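Data first, discussion second: the structure below is written as structure tokens.
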Amino acid sequence: MTTHHTARRRAAAAALCAAAALTPCAGAHAAPPPSETSAGTRPGEHAQPWRDATRSPAWRADALLRAMTMDEKVTLILATNDEDFDPLAHLGIPQMRRVDASGGLRGDTGVTAFPAPNALGATFDTALAERYGQAVGAEARAKGWNVVLGPTLDVDRNGLSGRAAEGYGEDTLVNGEMGAAVARGLESNDVIAMLKHFTVYNQESGPRETLAVDVSERALREVHYPAFEKAIREGGADSVMCAYPKVNGEFVCQNEELLADLKQDLGLEGYVATDFNPRTDPVAGINAGVDSQSLFPGTPREAFFDGRIPQERTEDAARRVLVALFDSGAYDNPLPTAIPDVVTTDEHQRLARETGAAASVLLKNSGALPLSKRDSVAVIGPAGSDAITGIEGSSYVDPGDFTTLAEAVREKAGAELTTVSQGSLGDVALPTVPASAFTAPGGEQGLQAEFFANPDFQGAPVATTTTPNVDFSGAAPVGGLPAQWSARFSGTITPTATGLARFSSLLSGSAKVTVGGETVFDGSRFIWDFFFAPQEYTLGGTVPLTAGEPVPITVEYSTREAGFFGPRLTLGWQPESLIPAAVEAAKEAETAVVVVNELTGEAVDRLGLRLPGDQDALIEAVAAVNPRTIVVLNTPGPVLMPWLDDVEGVVQSWYQGEAVGTATADVLYGDAEPGGRLPVTFPAAEGQGPTHDTGASVEYDEGIHVGYKWYDQQDEEPLFAFGHGLSYTTFEHRDLRAGSLDTRKGEHETASVRVRVRNTGQRAGSDVVQVYVGHLPTDAVDTPEKTLAGFAKVALRPGEKRDVRVELDRRALSYWDEDADRWVTPTGEVPVYVGRSAADVDLVGSMTVK
Ligand code: BGC
């Protein structure tokens, strides 16, 4: 299966790359980009005034546009592949070579796999974010890319979203500040940063290409737009990718109103490009404001000449691409001719490790952390090369060889004091259940399979057979079925071991599996894999079984919700639990570190917040025998923690790229502090939070109350609040002094908040000063109880104190008036809070807005 799978993945990835004209694929560098000479030092170039880099990007774009033929302008708008740019080389226009790069370069090797973007969000450190952007941008340029598809600024409104880890969390300001810093860093390398995905792309189900979102104008303006505006105005991002969904009835990439907002109100002077394979009409898209079809060909060239696309639109679109090329520096700085195999550097690897520690959130610590290097430790769980380093899908970065957590702990504590026990395989697909485990009702090996000519098991089966196991992909296991069908597999399963048996499935469609009368899992999946990462999306569960004692098994499969990959169900199992051996290892050690994980990524949303497979059971079993159990969550975000009271410490370590082992070990042993704070709220129960709806059409009925604002509004208590994160030292906040805001001084006026921060503990550490504002002084609209209005990260030595000043934008004190179609800043007193999280305020003051 592995070989077949790898071959399929490669073929599929190649097909995707070819179709997308995205070259971040293996072997993509066959044709190197043109040299400086071929790109433009032609005789007579001085006659090309737009080459004068002392002129403004707008001036240069106008000058070049005047010199271009209509044909050349259209070529620029339509160019997707390297060679499409050839006719433009005499103008000095370089190939625009695009790479996905949210946490490093996707598809290349010899690069740095940085911690995922939401981990970066957890650092609350904009200076670090800028360095991260600089490093990714430098590697992109070195590998021959000058358009970087990132950063992602999708506000995480739904914790179940498969791509939640690709943005910077649930808060608008954090997304804006981090996005602006990353974009600035990227563009410092003369590459174009493409912000994505504008706008309200917050889930994969729908599916995403046809998802219909209804959202209020106010929520767009206050929650979903601002990060784009900040990254454009303050980060200098030169392009924006429009998102797949339909917003208020029209696809974003075809939505004149939204694209006009982006250009007129959010300040985009560069260009808009569609995502890969959108469902829009490309001509309508260009007319609505798409400026470049860059990722996906298909716009008919004639449409620019037969009147379907007005000439002014063509001029404007081409001009916007030129502005981006000049403004970013991509025009002036040719791509390298020789592409090195390795572009990662020691400095970038140190940065990944530093980011990983700065992102790690110490959720709970009863005192066992940091660990002592003199204590014995059992490292349990997927803490080896089976760690999850990145998000599945288009932002996956190959980490190459990396130091695992087991190795990193062994380096700290020494080989004699470290034992490693697998405990759980983590979130992986398990080996297919063999025919020898099944007995059909007639006594043969295998299962009885009844097939129905409808997706709902209705009527009599149209075919009945015995199958060795449940393992089909792409087509039905029997011929003659209609496109929509269902099947019931039944018989008994005879366990080969006693204990907690684990089942998993790779599924496209819907499946319900019951074993011994217990439902092991029941759910739907549209796809089981998104090609680019080594892992696959599984669905599964556990059930206790006894060796040699057959129990009934039923597998009900329906093509309902199967996607375009067609029906698939592979039922896998792990008959023998690894937990008992891990429990023995935990008994022998002074400390048990249990690592658990969950894979998420593109095309699939999470079905719930429970840890997959047997991982909760593993933690419970280990904690029952080792009073110093520390849990490391190698997860994209919130999970339920039924074992929380039984463990001593919990570290949220996200997906940390190649630093997954080193950074976490640094934090566990106190060689680095856990610098992170939660950029998302962790719900206390399944279904808690503003939304858990991932249907095909979604109402954003939480309005502006996304994330912690919803918890305040509903008076609900989460498991861990937004902004929460403990330190190995302690901080004191005092002397809150809030300035005032004078609205007469204009839109760009800011108000300052000062607070004295002191490190009152014994260790160096950094505090994240979180400044929230309360309800605005107006009855006209409902405003949040708390809105993060500014933050600052300050590193302090023991005993050191500092006066920290945080500037609040006027926007933080304003709301969007839907009737007047403008921002309103109500005057009066506004509460100001300094907190350790959105739920833990320790200073209260107020600010006058006049
Ligand atoms: C994703 C984008 C990505 C593009 C190109 C799409 O599936 O939504 O984020 O940039 O593919 O790989």
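Predicted model, so just to flag it, every value in this text is computed and none were measured.
With respect to the salt-bridge test (charged N to carboxylate O, under 4.0 angstrom), the residues R836 and D767 do not qualify. Between E407 and R410 no salt bridge is recorded (no basic side-chain N to carboxylate O distance below 4.0 Å). Using a cutoff of 4.0 Å between basic side-chain nitrogens and carboxylate oxygens, D671 and K373 are scored as salt-bridged. Salt bridge status for E170 with R157: absent, with no side-chain N to carboxylate O gap under 4.0 Å. With salt bridges taken as basic N to acidic carboxylate O contacts below 4.0 Å, none links R163 and D156.
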Which side-chain N or O atoms in residues 379-391 pair as donor and acceptor under 3.5 Å with protein atoms at least two apart or in another chain?
unit_1, atom_1, unit_2, atom_2, d
D386, OD1, G384, N, 3.0
D386, OD2, Q422, NE2, 3.0

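In this structure, a donor-acceptor pair under 3.5 Å is present between the side chains of T112 and T344. No hydrogens or angles considered: nothing links the side chains of N118 and W654 as a donor-acceptor pair under 3.5 Å. In this structure, a donor-acceptor pair under 3.5 Å is present between the side chains of E590 and S376. In the model, D614 has a side-chain atom that pairs as donor or acceptor with a side-chain atom of S424 under 3.5 Å. Inspection of the T591 and D375 side chains reveals no N or O donor paired with an N or O acceptor under 3.5 Å. A donor-acceptor contact under 3.5 angstrom links the side chains of Y655 and T600, judged on distance only.
Here the two rings, on F532 and Y396, have centers that are 6.0 Å apart or farther.
R606 pairs by the side-chain hydrogen bond (donor to acceptor under 3.5 Å, both in side chains) definition with E598, not counting sequence neighbours. In this structure, R350 has no salt bridge (Lys or Arg N to Asp or Glu O under 4.0 Å) partners at least two apart in sequence or on a different chain. Partners of Y728 under the ring-ring contact (aromatic ring centres under 6.0 Å, His included) rule, at least two apart in sequence or in another chain, do not exist in this structure. V428 is linked by a side chain to side chain contact (heavy atoms under 4.5 Å, CB included) to L425, L430, counting only residues two or more places apart in sequence or in another chain.
Under a 3.5 Å cut-off, the side chain of N365 and the backbone N or O of L726 do not form any donor-acceptor pair. Y669 places no side-chain N or O within 3.5 Å of a backbone atom of T664 that could act as its donor or acceptor partner. With T498 contributing its side chain and A547 its backbone, the two residues share a donor-acceptor pair below 3.5 Å. Side chain of N175 to main chain of G169: a donor-acceptor pair is present (N/O by atom type, distance under 3.5 Å, no hydrogens or angles). Looking at E392, its side chain never comes within 3.5 Å of a backbone N or O of E602 through a donor-acceptor pair. Between the side chain of E673 and the main chain of G670, no donor-acceptor pair closer than 3.5 Å is present.
Taking the six-membered ring for Trp and thresholds of 30 and 60 degrees, Y201 and H197 have ring planes more than 60 degrees apart, a perpendicular arrangement. Relative ring orientation between H348 and F114 is described as tilted, the plane-to-plane angle lying within the 30° to 60° band.
Contacts classified as side-chain hydrogen bond (donor to acceptor under 3.5 Å, both in side chains) and involving residues 508-519 (residues at least two apart or in different chains) are given here: S510-S524.
Counting heavy atoms of neighbouring residues, nucleotides and ligands inside a 6.0 Å radius, atom CD of E576 does not exceed 12 of them.
Taking CG of L105 as the start and CG of D398 as the end, the distance is 11.0 Å to the nearest 0.5 Å.
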